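For reference, the structure is listed below as structure tokens.
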Amino acid sequence: MSHALRFARPDEFPDTDAIPVHVISADGADAALAQLGAALRQWAVTHGFSGALGKTCLLPNEAGGVAAVLLGVGTSADRIRKRFAAGAAISDLPKGLYEVASASLEGHPQNLREEIALGYLLAGYRFDRYRKKSGREAALVALAGIDAPHFERLAQAEAMVRDLVNTPAQDMGPEELEGAARELAARYNAKISVILGDDLLAQNFPMIHAVGRASPRAPRLIDMTWGEGGPQITLVGKGVCFDTGGLNLKPGSSMGTMKKDMGGAANVLGLAQMIMDAGLKLRLRVLIPAVENAVDGSAFRPSDILTARNGMTVEINNTDAEGRLVLADALALGAEGAPDLMISMATLTGAARVAVGPDLAPFYTDDEGLAAQITAKSPDQFDPVWRMPFHAPYEAMIEPGIADLDNAPSGGMAGSITAALFLRRFTQGAARYCHFDIFAWQQSDAPARPKGGLGQGIRALYAVLSEGV
């Protein structure tokens, strides 16, 4: 699967003049159309162009070709409700070379040109591993005033995330996820090691082993490091390549999208790609517990008590709350390295979707400065997030009495918060910790976001890390 998610290069279109694209807002449409000649103005009116978001109008030239394109960008409220629509509209234009007219962007906020740029790039994504799909034919010159390599970096990392999540579990099990990490490590000269199967027990990762031992596809812990100077950043991603629910078997309707249960791992690999490609001055570590939560006679059971890497005991009240178990061992290892910042990403709880829906990525941190940075960067990265609380009074909900911790508190309340509190118990040693409870999935087609796998939170995090931590 290859994705040419980049802007047009000058040498690719020799002797070709780019067709200008004029950006027009809903409230500026009348004035913009008034500047056209009478015939073209009537053409635009006849075709119903009003500056509405994502609507285009192709203006003809005397030879019957396209002289220019009018691109509606609606209002600022429209763009908040339907991000990337303008950039995706350019991607859908007929075959040709296009360039957004700089003058038409005057008076608009800088982030409009950035949204158009990123929307155009992301709209070029195709998941074509199993079915051939036509690529776009509209080529866009990089918009004036943007850092083109930066936006291409973001789009290409997003494409990798989507590819990993979209690939069904038959072709994206623990071994294949390891292969994707190894490929990324080789590309950027990172170091990588893997602890496999029963070696997990020998090296004290008992909960990763317990969750994955029922599958014929051996569980493993992937450990990738890169960089020699700067702060230590450790990324931990949930790599449950398929989740049946274990002995607490999911109904079929809930199992249908469980190929995406390694979305946390996919997202941390996408973030790692951005970091390494940009050459950020930091020491990066990526930890991915990669397992398949399957069912056979060796599966771990409700009421089992597991001992985690850090010595804490965990009562299993639901084998479908397995993600926090594999993350716990990986977080404990990461914390032993005393990182300056440790970040976990996981498709962890349905409760997070109930709380904030599929589009927002909820995150948890005790660090007020970090929370403020992530929140501030989110809008300009078109990467919506929402801070959730590590609410201390709920700590008692994860303490069952028979063991140190309960992996699935009864009662059905505060599920995302209690899961985050559970993970925090394994982060002692990290200077700061942040957890993202993501969905990693687009439920229906949207501009530049086709139904399927999705990156969430990683652009906001990359923007924060780019400025130092």
Side-chain angles (χ1 to χ4, degrees), residues 5-10 18-29 31-32 35 51-56 68-91 93 98-124 138-158 271 274 277-278 280 359-361 372-385 446-449 455-468:
L5 302 189
R6 59 181 180 81
F7 297 107
R9 304 293 191 257
I19 298 169
V21 176
H22 299 284
V23 171
I24 299 174
S25 63
D27 58 5
Q35 296 179 22
L53 178 62
K55 301 300 182 181
T56 58
V69 177
L70 307 181
L71 171 65
V73 295
T75 66
S76 58
D78 293 334
R79 295 193 296 274
I80 291 172
R81 294 180 63 183
K82 197 174 183 180
R83 64 187 181 278
F84 299 138
I90 295 177
S91 185
L93 290 173
Y98 298 88
E99 183 173 17
V100 175
S102 297
S104 71
L105 285 166
E106 293 177 4
H108 292 289
Q110 171 70 21
N111 70 354
L112 174 59
R113 75 182 67 209
E114 294 174 346
E115 182 183 356
I116 290 173
L118 186 56
Y120 166 79
L121 292 173
L122 292 177
L140 180 66
V141 175
L143 283 72
I146 68 160
D147 181 352
H150 166 75
F151 285 94
E152 292 173 346
R153 179 179 302 121
L154 299 184
Q156 289 160 12
E158 172 73 16
L271 178 54
M274 293 180 198
D277 191 74
L280 298 188
D359 196 40
L360 281 165
Q373 285 181 288
I374 295 171
T375 301
K377 293 298 183 185
S378 165
D380 286 341
Q381 299 303 314
F382 317 104
D383 193 10
V385 302
R449 290 166 291 152
Q456 287 190 297
I458 56 176
R459 288 194 300 273
L461 285 169
Y462 173 73
V464 170
L465 295 175
S466 295
E467 294 186 355

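The shown structure was predicted, so the numbers you read here are calculated from the model rather than taken from an experiment.
- In this structure, the separation between CG on Leu143 and OG on Ser102 is 7.5 Å, given to the nearest 0.5 Å.
- At least one side-chain heavy atom of Arg449 sits less than 4.5 Å from a side-chain heavy atom of Asp359.
- Note that the CD atom of Gln373 and the CD atom of Glu467 stand 7.0 Å from one another [nearest 0.5 Å].
- Taking 4.5 Å as the limit, some side-chain heavy atom of Arg459 sits within range of a side-chain heavy atom of Met274.
- Rounding to the nearest 0.5 Å places CD of Glu115 at 12.0 Å from NE2 of His108.
- In terms of heavy-atom proximity, Val141 sits nearest to Ala18 at CG2-CB, 4.5 Å.
- Atom CD1 of Ile146 is separated from atom CG of Leu105 by 10.5 Å, given to the nearest 0.5 angstrom.
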Worked verdict on Ser466 versus Leu280 for side-chain contact (heavy atoms from CB on, under 4.5 Å)
CA-CA 7 Å; Ser466 295; Leu280 298 188; 4.0 Å; yes

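- Using a 4.5 Å cut-off on side-chain heavy atoms (C-beta onward), His150 and Tyr462 make contact.
- Residues Tyr120 and Phe7 form a side-chain contact, since some pair of their non-hydrogen atoms from C-beta on lies under 4.5 Å apart.
- By the 4.5 Å heavy-atom criterion applied to side chains, Leu71 and Val100 are not counted as neighbours.
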Would Gln381 and Leu154 satisfy side-chain contact (heavy atoms from CB on, under 4.5 Å), going step by step from the backbone distance to the final call?
CA-CA 10 Å; Gln381 299 303 314; Leu154 299 184; 4.1 Å; yes

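- Considering CG of Leu118 and CZ of Arg83, their distance stands at 10.0 Å, rounded to 0.5 Å.
- Here the CG-CG distance, from Asp380 to Asn111, works out to 5.5 Å after rounding to the nearest 0.5 Å.
- Between Arg9 and Glu152 there is a salt bridge, since at least one side-chain N of the basic residue sits less than 4.0 Å from a carboxylate O of the acidic one.
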